[in-house]
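Sequence lines set the chain letters: A, B, ... in the order given, protein chains first and strands last, and positions in each chain run from 1.
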Amino acid sequence: MTLDAIISQYRDVEGGLIEALHAIDNEYRCIPESALSKLAEAFDVPVAKVYGVATFYAKFKVGERGSNLIRVCESAPCHNAGAALVLAAIESNLGIKAGETTADGRFTLELTECVGCCNESPTITINEVPYTKLTPEKVPELLSKFR
Amino acid sequence: MGFNKEKRIVLRHYGLVNPTSTEDYVNKGGYDALKKAKAMQPMDVVEEVKKSNIRGRGGAGFPTGLKWSFTAKITDADQKYVVCNADEGEPGTYKDRLVMEGVPHQLIEGMAIAGHAIGATKGYIYCRGEYPNSQKALRQAIADAKAKGILGDFDLEVRSGAFAYVCGEETALIESIEGHRGEPRYKPPYPGVAGLWGKPTIVNNVETYANIPAIIENGADWFAGIGAGNYPGTKVFTLSGDVVNKTFVEVPTDVTLREIIFDFGGGIVDGKRFKAVQVGGNSGGIIPEELLDTPIDFDAMSNIGMTLGTGAVFVMDETRDMVDVVKCMMKFFEHESCGKCTPCREGTFRLFKGMCKIANGEANANDLATMETLARVMNKTALCGLGQAAPTPFQTTVRYFAADYQKRL
């Protein structure tokens, strides 16, 4: 769906700016910069306000992301269960650091806080699906499913 | 081991009803409490909830009936709102997810009863963005209950959070529903008077609403007689960390932490010794074994400088270094501070940098003393609970696990 088509669905919804951002994020996995001025016009607010809202929330990334989004939980229960080792294994497998996207655009790697799977830590999510009780050894096989 | 103190009110239908089937819930007596409440005068429903002495299950422990009464007695509002705080962001907590994905109709029923009690025809569930499955379960359950006419004129909508811990603070949550940055408001006015879009609004936690049908069904006296007198009922706890049984349990509020960790939780993994437990998530205190015989009710916890908070129980064994753990927690707050007030924006940043310095062996006793002063300033001057409570893991570990700090200075 085009940006205009998505935005038009939410322009009359109360508090619809964030709803529209969610819908754009669901479609594009990011908030393309070109969406900011369109949102500002639809909701009759300054572009700065849209930018301020979009960048406040960690779920949204103004700019681009790869086609698969990996988030590594670094909250305390995952931290104690070895999240740093899992992160290192993913970074080494993909050849990027947290916050970066692979050159082929296939993966973006981000850090996140608690995803509510603390009984099965350490946890990562790939495209919002949780993968739990991870070890560095399990990383290559898991990532190969997304290549 | 035989742990026989489990008592289910919130999770009484968990695993026993098909979450996607409204019929299944109705066949188990679901929505009977809503019918009963609707046959009562709204103020009588508020009184019943008041008399049950239920207090908020989200963290602050405010008396629910009293909160409702402030909003119920406002008669000149053209609209009121019932809001559910489902922004379960405290690390180690997954109790609300169990309700939303296991018994979504029970939450919906509790909110519909609240709508009748305070005179609101519109409700919002603000569910954290990390829980797409919970949102899906709720949206489906709401659509089905609406289609079957169960909710009458009560309209309910799910709004998704977007990975911002601060939106668990009720006024930040309201700002977010309105489509703004999730920055807490100055209080007063409180939401009960001027909340969502300036209208009278009650905001309660998922677990609080999930208790309401049983209270209406069985009466206030029944509920008030369960567990600790000052914080009656049950509490759902979620166990994580170095404990054998990493799962959830619902118990009356007069059990102790020791019973939860050792009798139910099965003790420490690999036969190691217990060192510390953090209760209530990242903003909760971290305590040693000597304090484990404290009952888990809100006031008993407050008396030892703890918060019951969300009911997260994060257990750490003898090998865990408190400096390393607290550094991780301070990084969390540095990231999650919304930046609106200076004590929190600068304070969380400085505490994280301070913990890095200690962890690297570059800090001295003066640095630690300065951090303790900063922590007290944050407790007293931060705008909302995030900044006020952010130093708690640091403060409680300096107090109870001083050796972990001393060896790095």
Contact winner vs chain B - A:Ser75, A:Ala76, A:Ala81, heavy-atom pairs under 4.5 Å: A:Ala76
Ranked by heavy-atom pairs below 4.5 Å to chain B, first place among A:Val13, A:Ile18, A:Val115, A:Asn80 goes to A:Asn80
I want to check a possible cation-pi pair here: B:Lys272 against B:Phe274, using under 6.0 Å from ring centre and within 45° of the ring axis as the test. no
Just wondering, do B:Asp96 and B:Asn205 contact through their side chains at under 4.5 Å, heavy atoms? yes
Do A:Ile7 and A:Ile24 touch side chain to side chain, with heavy atoms closer than 4.5 Å? yes
What option among [options] has the most heavy-atom pairs under 4.5 Å with chain A?
| options | answer |
| --- | --- |
| B:Ser160, B:Ala164, B:Ser240, B:Gly92 | B:Ser160 |
| B:Arg159, B:Met329, B:Arg97 | B:Arg159 |
| B:Arg181, B:Lys331, B:Lys246 | B:Arg181 |

From CA spacing to verdict: ring-ring contact (aromatic ring centres under 6.0 Å, His included), B:Phe248, B:Tyr14: CA-CA 12 Å; B:Phe248 63 90; B:Tyr14 184 87; 5.3 Å; yes
Nearest 0.5 Å please: distance from the CG atom of A:Asn26 over to the CD atom of A:Glu128. 7.0 Å
[X] versus chain A, the contacting section by heavy-atom distance below 4.5 Å:
| X | answer |
| --- | --- |
| B:Arg128 | side chain |
| B:Val326 | neither |
| B:Glu178 | backbone |
| B:Tyr165 | neither |
| B:Glu183 | both |
| B:Cys167 | side chain |
| B:Asp324 | both |

Measure distances from [X] to the heavy atoms of chain B and classify the residue's part below 4.5 Å as side chain, backbone, both or neither.
| X | answer |
| --- | --- |
| A:Thr112 | side chain |
| A:Glu14 | both |
| A:Glu120 | neither |

Return a table of donor-acceptor pairs under 3.5 angstrom between the side chains of residues 57-68 of chain A and protein atoms on other chains or two or more places apart.
| unit_1 | atom_1 | unit_2 | atom_2 | d |
| --- | --- | --- | --- | --- |
| A:Tyr57 | OH | B:Ser176 | OG | 2.9 |
| A:Tyr57 | OH | B:His180 | O | 2.7 |
| A:Tyr57 | OH | B:Gly182 | N | 3.1 |
| A:Lys59 | NZ | A:Asp25 | OD2 | 3.1 |
| A:Lys61 | NZ | A:Glu64 | O | 3.3 |
| A:Arg65 | NE | A:Glu110 | OE2 | 2.8 |
| A:Arg65 | NH1 | A:Asp25 | OD1 | 3.4 |
| A:Arg65 | NH1 | A:Arg29 | O | 3.0 |
| A:Arg65 | NH1 | A:Lys59 | O | 3.1 |
| A:Arg65 | NH2 | A:Lys59 | O | 3.1 |
| A:Arg65 | NH2 | A:Glu110 | OE1 | 3.3 |
| A:Arg65 | NH2 | A:Glu110 | OE2 | 3.3 |
| A:Ser67 | OG | A:Gly105 | O | 3.3 |
| A:Ser67 | OG | A:Arg106 | O | 3.4 |
| A:Asn68 | OD1 | A:Asn127 | ND2 | 2.9 |
| A:Asn68 | ND2 | A:Arg106 | O | 3.2 |
| A:Asn68 | ND2 | A:Phe146 | O | 3.4 |

State whether B:Asp404 and B:Lys275 are salt-bridged, where the test is any N-O pair (Lys NZ or Arg NE/NH1/NH2 against Asp/Glu carboxylate O) under 4.0 Å. yes
Quick check on the 6.0 Å ring-centre criterion: do B:Phe332 and B:Phe352 meet it? no
Applying side chain to side chain donor-acceptor pair (under 3.5 Å), can you list everything that pairs with B:Thr310, at least two apart in sequence or on another chain? B:Thr93
Pair B:Thr247-B:Asn245, side-chain donor/acceptor within less than 3.5 Å: no
